[in-house]
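A short write-up of the structure that comes next.
We count residues from 1, following the sequence as given.
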Amino acid sequence: MSDQYKNDIDRIQKLIVSIKTDINKREQKKKAGQQFTIIEGEIRGQLTNLDRELLLLGDLIKLQETNLMQKEQEKRRNQLQEFKNQRDIISDQFKKAVLETKQEQQAAPKHMAELSNMSNRELFKNQKDLQQEQEKLLDQTNEQAMNLKYSGQNINQTINQQITDLNKLNDDVDKTNKNMTFVNSKFTSIIQKSSNCWLIIIIVVEIILLLCFILFL
């Protein structure tokens with residue numbers, strides 16, 4: 001790659017970056033309500049320089065083609081076309097922004113003229129309509145806020161009721177456990193007493209049988 005070709009490529013790339021940056025600055029100034037006529041002039045000048053640089057690069061590529069391989073020639077032509085595509089995109093973006101600004105500037109006096117041509121009654125009606133619309137939006141907002149408030153209160157009431165029911169259920173379970181423990185203890189005592197009674201009866205029966213056996217022998 002020759003030094004001249006490399007320098008031309010670097011210069012074009014920097015110029016494209018500079019134009020894009022200035023277009024963004026213009027939009028920022030416009031949104032901020034600042035003057036942007038100076039930067040518009042700078043952008044137009046840079047676009048003119050870009051067109052000139054692209055023509056010079058095309059001439060250089062044609063001049064050096066005879067000394068380059070086919071692959072390198074194709075690569076340089078593709079690079080030039082890529083620069084042209086970027087130039088077209090940037091130019092269209094800038095033209096669109098300028099056109100939108102003109103349309104906005106033309107629409108503003110028209111709107112002011114419409115207001116100035118209104119009678120006092122029409123102006124009063126227009127202001128009243130706007131006020132009613134704002135009140136309507138405010139009422140809708142308040143209604144939504146109240147609905148959210150009531151929904152939150154209902155949820156809290158439901159949660160509190162569930163907590164109360166759970167506490168009551170826990171108390172009932174504790175009482176049931178205590179009753180079960182008492183019944184189990186009583187039942188165990190009865191079983192033990194019953195076992196002792198049966199043991200005494202069996203011993204008495206065995207003694208009687210033993211006596212009978214001894215007597216009859």
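Residues Asp59 and Leu63 fail the side-chain proximity criterion, which asks for heavy atoms closer than 4.5 Å. Looking at Phe94 and Gln46, their side chains never come closer than 4.5 Å, going by heavy atoms from C-beta outward.
Every residue two or more places apart in sequence or in another chain that forms a side chain to side chain donor-acceptor pair (under 3.5 Å) with Asn85 is listed here: Gln81. With sequence neighbours excluded, the residues satisfying salt bridge (charged side-chain N to carboxylate O under 4.0 Å, His left out) with Lys30 are Glu104.
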Discussion item. Please determine whether salt bridge (Lys or Arg N to Asp or Glu O under 4.0 Å) holds for the pair Glu72 and Arg76, giving the CA-CA distance in whole Å, both sets of side-chain angles, and the decisive distance to 0.1 Å.
Written reply: CA-CA 6 Å; Glu72 181 64 23; Arg76 293 191 177 191; 3.2 Å; yes
Discussion item. Between Leu57 and Ile9, does the side chain to side chain contact (heavy atoms under 4.5 Å, CB included) criterion hold? Intermediate values first, please.
Written reply: CA-CA 8 Å; Leu57 180 63; Ile9 292 293; 4.0 Å; yes
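In this structure, the separation between CG on Leu47 and CD1 on Ile19 is 4.5 Å, given to the nearest 0.5 Å. With values rounded to the nearest 0.5 angstrom, Gln64 atom CD is found 8.5 Å from Thr66 atom OG1. Rounding to the nearest 0.5 Å places CG of Asn49 at 4.5 Å from CZ of Arg52.
Residues Leu56 and Leu68 fall into different hydrophobic clusters, defined by Ile, Leu, Val, Met, Phe, Trp and Tyr side chains chained together at heavy-atom separations under 4.5 Å. Residues Ile23 and Ile89 do not share a hydrophobic cluster, defined by chaining ILVMFWY side chains whose heavy atoms lie under 4.5 Å apart. In the hydrophobic cluster analysis, where Ile, Leu, Val, Met, Phe, Trp and Tyr join through side-chain heavy atoms closer than 4.5 angstrom, Leu54 is grouped together with Leu60.
For residues 7-24, every residue pair satisfying the salt bridge (charged side-chain N to carboxylate O under 4.0 Å, His left out) rule, not counting sequence neighbours, is listed here: Lys6-Asp10, Asp8-Arg11, Arg11-Glu53. Residue pairs that meet the salt bridge (charged side-chain N to carboxylate O under 4.0 Å, His left out) test with at least one member in residues 60-71, sequence neighbours left out, are Glu65-Arg77. Within the structure, salt bridge (charged side-chain N to carboxylate O under 4.0 Å, His left out) pairs that include any residue of residues 79-98 comprise Asp51-Arg87 (at least two apart or interchain).
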Enumerate donor-acceptor pairs with a distance under 3.5 Å from any side-chain N or O in residues 35-43 to protein atoms, sequence neighbours excluded.
residue: Glu40; atom: OE2; partner: Arg26; partner atom: NE; Å: 2.8
residue: Glu40; atom: OE2; partner: Arg26; partner atom: NH2; Å: 2.8

